[in-house]
Amino acid sequence: MSIPERQQAMLMNGPGTPLERVERPVAEPGAGQVLVKVNASSLNFHDQINLMGLLPGPWPRVPMSDGAGQVVAVGPGVDGLRVGDRVMGAFHPSWPDGPPTPEAKRDLPGDSEDGWLQQYRVAAVTALVRTPDYLTDLEAATIPCAGVTAWSALVEANIGAGDVVVAQGTGGVSLFAVQLARALGATVILTSSSDDKLKIGSDLGATHLVNYRTTPQWDAEVKRLTAGRGADLIVEVGGPATLAQSVHAARVGGTVAVIGVLSGFDTVPISVAEVMLNNLRVIGITVGGVRAHADLCDVMASPPSGAAIKPYISHVFDWDNMDEALRVMRAGEHVGKIGLTIP
């Protein structure tokens, strides 16, 4: 593949400013780096907040934390990747493995540095994960944030056969959690305000479906479905509006993995006595490291049970149609992931 001298990129010139398509040079990879022809990205709640101008960082910058494509050039000293390999970017490129630290979480494409909404991007070889052969670039581009977040929650709770997992809603993280938990042999309880969306979740492996519009006390329903025991893991995406119910829905010794704030950033009281007396673990999950990303891809390709896992993508937009992609996300019209193609 011939590499052009210049490329197109989508640029944020300041907080909340509209994206502008610009032309800029194609950078050359340095030592330990490769050049990726970017073919796809995906939209996360994090990106929506970023595009609103609510996240700090250098200006101007290219947005989007997730991206996938093909290696087209390698720099000196690169080991493990070669031209032609298909890759996806890590959400936290400086977090190789182990527990999170401020240093590990410092770098984030689209925030602290230019992200993936450009035709070519230089990345450190240590910040990339090979794309499984059975996935398209568009499918791969949905994994770095949502997929790794769901996987990290399941790993933190040591989910396996016979466990019970509650996934809230039918967004990207939740549907990854449904598919992965089911592949690990767990029973999945899925909540949503839409019966149509719940049906999709059922097709992906959810065992029990709870419409929280018609069953607002969904935490009590979780207890009923588990004969009073509660769930081993609650994948908590709602934030202030749902956290107290998540605590109540967990079993003694269970885990509430807080991975989203879809209902806002307000503080909310929860029963400290309930947390203490039930030995609950309430933990925050901010995606995961590069090793977790690679482990997830291995599990998706060869799960303990069932066929290889493919991300669920309900909408795909060209990068010129970002406004409509954001509208779909804000209106909650999507199921699973919203993909973006890069020409």
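Just so you know, residue 1 is the first one in the sequence shown, and it goes up from there. Quick caveat: nothing in here was measured; it's all calculated off a predicted structure.
Checked against salt bridge (charged side-chain N to carboxylate O under 4.0 Å, His left out), Glu156 has the following partners two or more places apart in sequence or in another chain: Arg281. Scored by the salt bridge (charged side-chain N to carboxylate O under 4.0 Å, His left out) test, Arg61 finds no partners at all (sequence neighbours excluded). Taking the salt bridge (charged side-chain N to carboxylate O under 4.0 Å, His left out) definition, one finds that Arg213 meets it with nothing, sequence neighbours left out. Annotation: ring-ring contact (aromatic ring centres under 6.0 Å, His included) contacts of His46 (sequence neighbours excluded): Phe91. For the side chain to side chain donor-acceptor pair (under 3.5 Å) test, residues two or more places apart in sequence or in another chain that qualify with Glu333 are Arg327. Evaluation of the ring-ring contact (aromatic ring centres under 6.0 Å, His included) rule for His92 yields Trp95 as partners, not counting sequence neighbours. Residues forming a salt bridge (charged side-chain N to carboxylate O under 4.0 Å, His left out) with Arg6 (at least two apart in sequence, or on another chain): Glu23. Residues satisfying the ring-ring contact (aromatic ring centres under 6.0 Å, His included) criterion with Trp151, sequence neighbours excluded, are absent altogether.
Applying the ring pair (Phe, Tyr, Trp, His ring centres under 6.0 Å) test to pairs two or more places apart or on separate chains, none has a residue in residues 191-229. Pairs of residues two or more places apart, or lying in two chains, never qualify as salt bridge (charged side-chain N to carboxylate O under 4.0 Å, His left out) while including a residue from residues 67-79. Sorted by first and then second residue, the salt bridge (charged side-chain N to carboxylate O under 4.0 Å, His left out) pairs with a member in residues 120-132 read Asp85-Arg130, Glu113-Arg121; sequence neighbours excluded. Among residues at least two apart or in separate chains, there is no side-chain hydrogen bond (donor to acceptor under 3.5 Å, both in side chains) pair with a member in residues 179-189.
The pair Arg291-Asp295 meets the salt-bridge criterion, since a charged nitrogen lies less than 4.0 angstrom from a carboxylate oxygen.
Remark: side-chain polar atoms of Thr215 are not paired, donor with acceptor, to backbone N or O of Gln217 under 3.5 angstrom.
Looking only at atom types and distance, the side chain of Gln168 has no donor-acceptor partner in the side chain of Ser174 under 3.5 Å away.
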